[in-house]
Amino acid sequence: MIERYDSNFFVGRTAIVEKINDWVNDPKPRYRVLSIVGPLGTGKSWLIAKACEVLEKQKGRLVFKTNLSREASPNLNTEAGLRQWLKDILRRSHEQCSAITEHLDTSISIESVIDRLVEELCHQCQSLPSPILIVDGFEEAENDKIRDMLEERVFGRFLSRECTRLIIVRSNNYALSNNFLRWTETREWLDVLEENEGKSQLEKRSSTLPT
């Protein structure tokens, strides 16, 4: 099980956090999909949690986070979980921009809901910073079929307008299958912490232990 993120123990990675922030704030980036790629245990989830902290402090910034693990809530491996997730996204978007349709019509397909959402975000809420969808645990989806479905029905459609950005946290053993996502993807490779960074993290942890 991945350890729950605690900002008090986050060390290093300053340059890559700044790089993510610069990419998100670029009004016309060459690529609109950023994959954070690395082996298990390199701290990808902690890195993206730190980046979220930075991005969510920016006024009006909508950051939609999800995790493809079957233990995550809501579970995007199911239709019901997808709709619950969308319901929350619509609510949060409406809070930032009243032009967003808050109600989730159950008679409308998930694809149509996402199409409408990004259309409204990009054309009726232009004063907001670029909305970001962050996908963690890419390799933890139930199977390849689920991943392919989400790439087609959710991730690709979220990028159907130029104002949106997508960050995917994944192992180097799992690549994107959707041609459109791959075409607009750039990768940031993550290695293990430097020796001095790892030592600094251990020192921070030990300082909180009872004596």
Side-chain angles (χ1 to χ4, degrees), residues 20 23-37 44-45 48 51-52 55 61-70 72 74-93 97 100-101 104-126 128-188:
I20 291 171
W23 171 78
V24 166
N25 284 287
D26 185 344
K28 292 187 177 181
R30 181 177 180 183
Y31 303 100
R32 290 195 297 122
V33 178
L34 173 62
S35 285
I36 306 297
V37 184
K44 300 186 297 295
S45 293
I48 208 61
C52 280
L55 296 171
R61 175 76 71 192
L62 283 165
V63 181
F64 307 126
K65 294 176 285 188
T66 188
N67 192 306
L68 300 193
S69 167
R70 282 172 284 181
N75 185 348
L76 265 65
N77 294 273
T78 68
E79 191 79 7
L82 267 174
R83 288 195 173 273
Q84 181 59 43
W85 177 71
L86 272 175
K87 185 177 179 180
D88 179 64
I89 282 180
L90 292 174
R91 176 188 57 77
R92 291 177 51 214
S93 300
C97 178
I100 301 295
T101 304
L104 177 59
D105 189 335
T106 55
S107 67
I108 299 178
S109 70
I110 284 172
E111 293 90 334
S112 296
V113 173
I114 296 175
D115 287 346
R116 184 186 66 192
L117 171 64
V118 295
E119 173 72 21
E120 292 173 347
L121 282 170
C122 295
H123 295 285
Q124 298 185 46
C125 307
Q126 296 179 351
L128 296 180
S130 297
I132 312 158
L133 172 58
I134 296 179
V135 181
D136 199 357
F138 186 74
E139 60 268 27
E140 297 181 55
E142 192 169 334
N143 51 53
D144 290 344
K145 186 177 180 180
I146 292 290
R147 266 188 299 273
D148 293 347
M149 177 274 290
L150 290 170
E151 287 185 39
E152 182 69 28
R153 298 182 68 192
V154 180
F155 310 152
R157 288 188 175 273
F158 185 78
L159 283 186
S160 62
R161 297 293 183 272
E162 290 191 358
C163 82
T164 53
R165 306 284 183 269
L166 173 64
I167 299 177
I168 296 180
V169 183
R170 61 181 176 84
S171 161
N172 50 356
N173 295 324
Y174 291 84
L176 299 173
S177 62
N178 181 279
N179 288 331
F180 171 64
L181 295 179
R182 285 162 52 194
W183 175 72
T184 189
E185 178 198 26
T186 186
R187 302 178 186 89
E188 191 68 40

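Hydrogens, waters and symmetry mates are skipped; everything else that's a heavy atom, side chains included, is used.
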Indicate whether any N or O donor in one side chain lies under 3.5 Å from an N or O acceptor in the other, for Asn25 and Arg61.
-> yes

When rounded to the nearest 0.5 angstrom, what is the spacing between CG in Leu86 and CG in Leu117?
-> 7.5 Å

Euclidean distance, Leu68 CG relative to Ile146 CD1, rounded to 0.5 Å | 9.5 Å

Could you check Ile167, Leu62, Thr164 and say which one makes a side-chain contact (heavy atoms from CB on, under 4.5 Å) with Ile132?
-> Ile167

Backbone of Glu142 reached by a side-chain donor or acceptor of Asn77 within 3.5 Å | yes

Kindly say whether Asn173 contributes a backbone atom to a donor-acceptor pair with the side chain of Ser171 at under 3.5 angstrom?
-> yes

So OH of Tyr174 and OG of Ser35: to nearest 0.5 Å the spacing works out to 15.0 Å

Nearest non-hydrogen partners of Val63 and Arg92, listed with the distance | O-NH2, 2.8 Å

Is there a donor-acceptor pair closer than 3.5 Å between any side-chain N or O of Glu140 and the backbone N or O of Asn67?
-> no

With no hydrogens and no angle check, is any side-chain donor or acceptor of Ser130 less than 3.5 Å from a backbone partner on Cys163?
-> yes

Calculate, to the nearest 0.5 Å, the distance between atoms CD1 and CD1 belonging to Ile100 and Ile89 respectively.
-> 11.5 Å

Are Ser177 and Arg147 side-chain neighbours, meaning at least one heavy-atom pair lies under 4.5 Å?
-> no

For the pair Thr66 and Val154, evaluate side-chain contact (heavy atoms from CB on, under 4.5 Å) and give the outcome as yes or no after the intermediate values.
-> CA-CA 12 Å; Thr66 188; Val154 180; over 6 Å; no

Report yes if the side chains of Leu176 and Val33 come closer than 4.5 Å at any heavy-atom pair, otherwise no.
-> yes

How close do Pro74 and Gly81 get, heavy atom to heavy atom, and via which atoms?
-> CB-O, 3.5 Å

Lys65 versus Asp136: any side-chain heavy-atom pair under 4.5 Å?
-> no

Would one find more than 12 heavy atoms of other residues, nucleotides or ligands at under 6.0 Å from atom CD of Gln124?
-> yes

Would Leu34 and Glu188 satisfy side-chain contact (heavy atoms from CB on, under 4.5 Å), going step by step from the backbone distance to the final call?
-> CA-CA 7 Å; Leu34 173 62; Glu188 191 68 40; 4.1 Å; yes

Evaluate the salt bridge (Lys or Arg N to Asp or Glu O under 4.0 Å) criterion for residues Arg161 and Glu119: first the C-alpha distance (whole Å), next the side-chain angles of each, then the deciding distance (0.1 Å), finally the verdict.
-> CA-CA 7 Å; Arg161 297 293 183 272; Glu119 173 72 21; 2.7 Å; yes

Would you say Glu152 has more than 12 foreign heavy atoms packed within less than 6.0 Å of its CD?
-> no

Side-chain heavy atoms of Phe155 within contact of Asn178, under 4.5 Å = no

Checking Arg116, Arg153, Arg157 against Glu111 for salt bridge (Lys or Arg N to Asp or Glu O under 4.0 Å), the one that qualifies is Arg153

Taking the side chain as every heavy atom from C-beta outward, state whether Leu121 and Cys97 have any atom pair closer than 4.5 Å.
-> no

Check Ser93 against Phe64 and note the closest heavy-atom contact, atom names and distance.
-> OG-CZ, 3.3 Å

Please report the closest heavy-atom contact between Val118 and Ser160, naming both atoms and the distance.
-> CG2-OG, 3.3 Å

Any donor-acceptor pair under 3.5 Å from Trp23 side chain to Arg165 backbone | no

Using modelled atom types only, decide if a donor and an acceptor are shared between the side chain of Arg32 and the backbone of Leu159 within a distance under 3.5 Å.
-> yes

When rounded to the nearest 0.5 Å, the distance separating CZ of Arg70 from OG1 of Thr78 is 12.5 Å

Less than 4.5 Å apart, any side-chain heavy atom of Ile36 and any of Ile20?
-> yes

What's the spacing between Leu181 CG and Tyr31 OH if we round to 0.5 Å?
-> 14.5 Å

Inspect the contact between Arg170 and Glu185 and indicate whether a charged nitrogen and a carboxylate oxygen are less than 4.0 angstrom apart.
-> yes

Salt bridge present between Lys145 and Asp148 (N-O < 4.0 angstrom) | no

Using a 4.5 Å cut-off on heavy atoms from C-beta on, say whether the side chain of Val135 contacts that of Leu150.
-> no

